[in-house]
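Only one structure is covered here, and it is reproduced in the block below.
Quantities reported herein were computed from a predicted structural model and do not represent experimental measurements. Note: hydrogens, waters and symmetry copies are ignored here, and every other heavy atom, side chains too, is used. Ligands are counted one by one from 1 in listed order, and the atoms in each one are counted from 1 as well.
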Amino acid sequence: MSATAPMTSPEHASPEHAGAILEIDLGALSANYLLLRDRAAPAECAPVVKANAYGTGLSEAAGALYGAGCRRFCVAHIAEGIALRAAHADVEIIVLHGLMPASAAEVARHGLIPALNDLGQIAQWSALAIETGPLPACIQIDSGMARLGLPADEVALLAAEPDRLAGLEVRTVISHLACADEPENPLNRRQLESFNRQRATLPRAAASLANSSGIFLGPDYHFDLVRPGVSLYGVNPTPGRPNPMREVVRLKGRIIQLRQIDSDRSVGYGAAWRAERPSRIATVAVGYADGYLRSLGNRGFCVIGGARAPIVGRVSMDLTTIDVSALDPSRLAVGDEVSLLGDGVDIDELAEAAGSIAHELLTGLGSRYHRRYVNGPGNGPGNGAGKP
Ligand SMILES: *Cc1c(COP(=O)(O)O)cnc(C)c1O
């Protein structure tokens, strides 16, 4: 026997040993899907499950959505589409990034529908279709965001030379909104008009413009297909107004040490927080390596036993320190759970405290948590929610 052996993965820690439990409520995810679907009807709804379903777990999230009746999905990368296809043979999968060089054959083999983003991608997909038979496609056009999709001059060229689409069944013309979370922003209207003007020059196809917030801009923005992402996972698509979505993600950290410090003592790296009075500090086993953003240092908050407590000092790689001086010390112990996300910690509010957005918090959620999926399809209400 050799002196070394393959390492076991430290990921998916047992609930007893994990520094934190990440709980994903698949029932709430499904309910959010149904709410968005009904809101957008008669338009269809193709949930966006890119980036590991915004950090919640592609396999579990897509499984729950499938259980709720969803048969169309959007992903960003080809590899995400291939992973989704392996689990679901009978769904439509749109790859928003479209084709990479020399990827057409593999994309076709997995039955994925690329959102073609430039004339080169269109040429690659069409060449394969001419060789092997008709292929479905989406065409993504730029209506004013200047990020991805055919720019106006390429749309004009395509309109003038429709043979470039030979062999392709164009299912949907897609575009993406830059400011949908700001209903008053005039760019929304301008993008809507640009989208309508440009797609009228292309072969007739279904149309899709709205992301989560776009759905709440009203029926003008719904077209035939909506593509909600972040709202499915509980984030408010209507900032400044009440959140219509149910909470999906709950992160519960564990206190691994409690200490009393004298006034004028500092806490953590850089001595970035100094106690103005004798204070009690709880240390939680979650840090920026777990996606708990470093910018939450001295700015974030958590909830312990229903009461808010501030993050004090810097967030370090594996640890975060909390000022629990205001809490009843007899009701605090090592091993106790602290709500870092959900259960009173609103993800949008926490992201704002970090100078970020909820999308970044979600997609950065780390791999060292014990993940617990609750209220999923086929495991009945409450199943899996048992206390560790
Ligand atoms: C990510 C993405 C979406 C989903 O956006 P949310 O704001 O998360 O709802 C929709 N369409 C495209 C093209 C995207 O890249």
Report yes or no: do [X] and [Y] form a side-chain donor-acceptor pair below 3.5 Å?
X: R227; Y: S208; result: yes
X: D25; Y: N375; result: yes
X: Q198; Y: S194; result: yes

Below the 3.5 angstrom mark, is there an N/O of [X], backbone or side chain, next to an N/O of ligand 1?
X: Y54; value: yes
X: L96; value: no
X: S212; value: yes

Result of checking I255, I304, V312 against V324 for side-chain contact (heavy atoms from CB on, under 4.5 Å): I304
Which ligand 1 atoms, with their elements, are less than 4.0 angstrom from a heavy-atom of [X]?
X: V48; answer: 3 (C), 4 (C), 10 (C)
X: R147; answer: 15 (O)
X: V230; answer: 6 (P), 8 (O), 9 (O)

Identify the closest protein heavy atom to [atom]: which residue and atom is it, and at what distance?
atom: atom 2 (C) of ligand 1; result: K50 NZ, 2.6 Å
atom: atom 10 (C) of ligand 1; result: R227 O, 3.4 Å
atom: atom 7 (O) of ligand 1; result: N211 ND2, 3.2 Å

For M145, which part has a heavy atom under 4.0 Å from ligand 1: side chain, backbone, both, or neither? neither
How are the rings of Y54 and Y233 set to each other: parallel, tilted or perpendicular (split at 30° and 60°)? parallel
Between D336 and R254, is the side-chain contact (heavy atoms from CB on, under 4.5 Å) condition met? List the steps. CA-CA 6 Å; D336 282 0; R254 200 191 297 281; over 6 Å; no
Using atom types as modelled, flag every donor-acceptor pair under 3.5 Å from a side chain in residues 256-271 to any protein atom, sequence neighbours excluded.
from: Q257; atom 1: OE1; to: R259; atom 2: NH2; distance (Å): 2.3
from: Q260; atom 1: NE2; to: S279; atom 2: O; distance (Å): 3.4

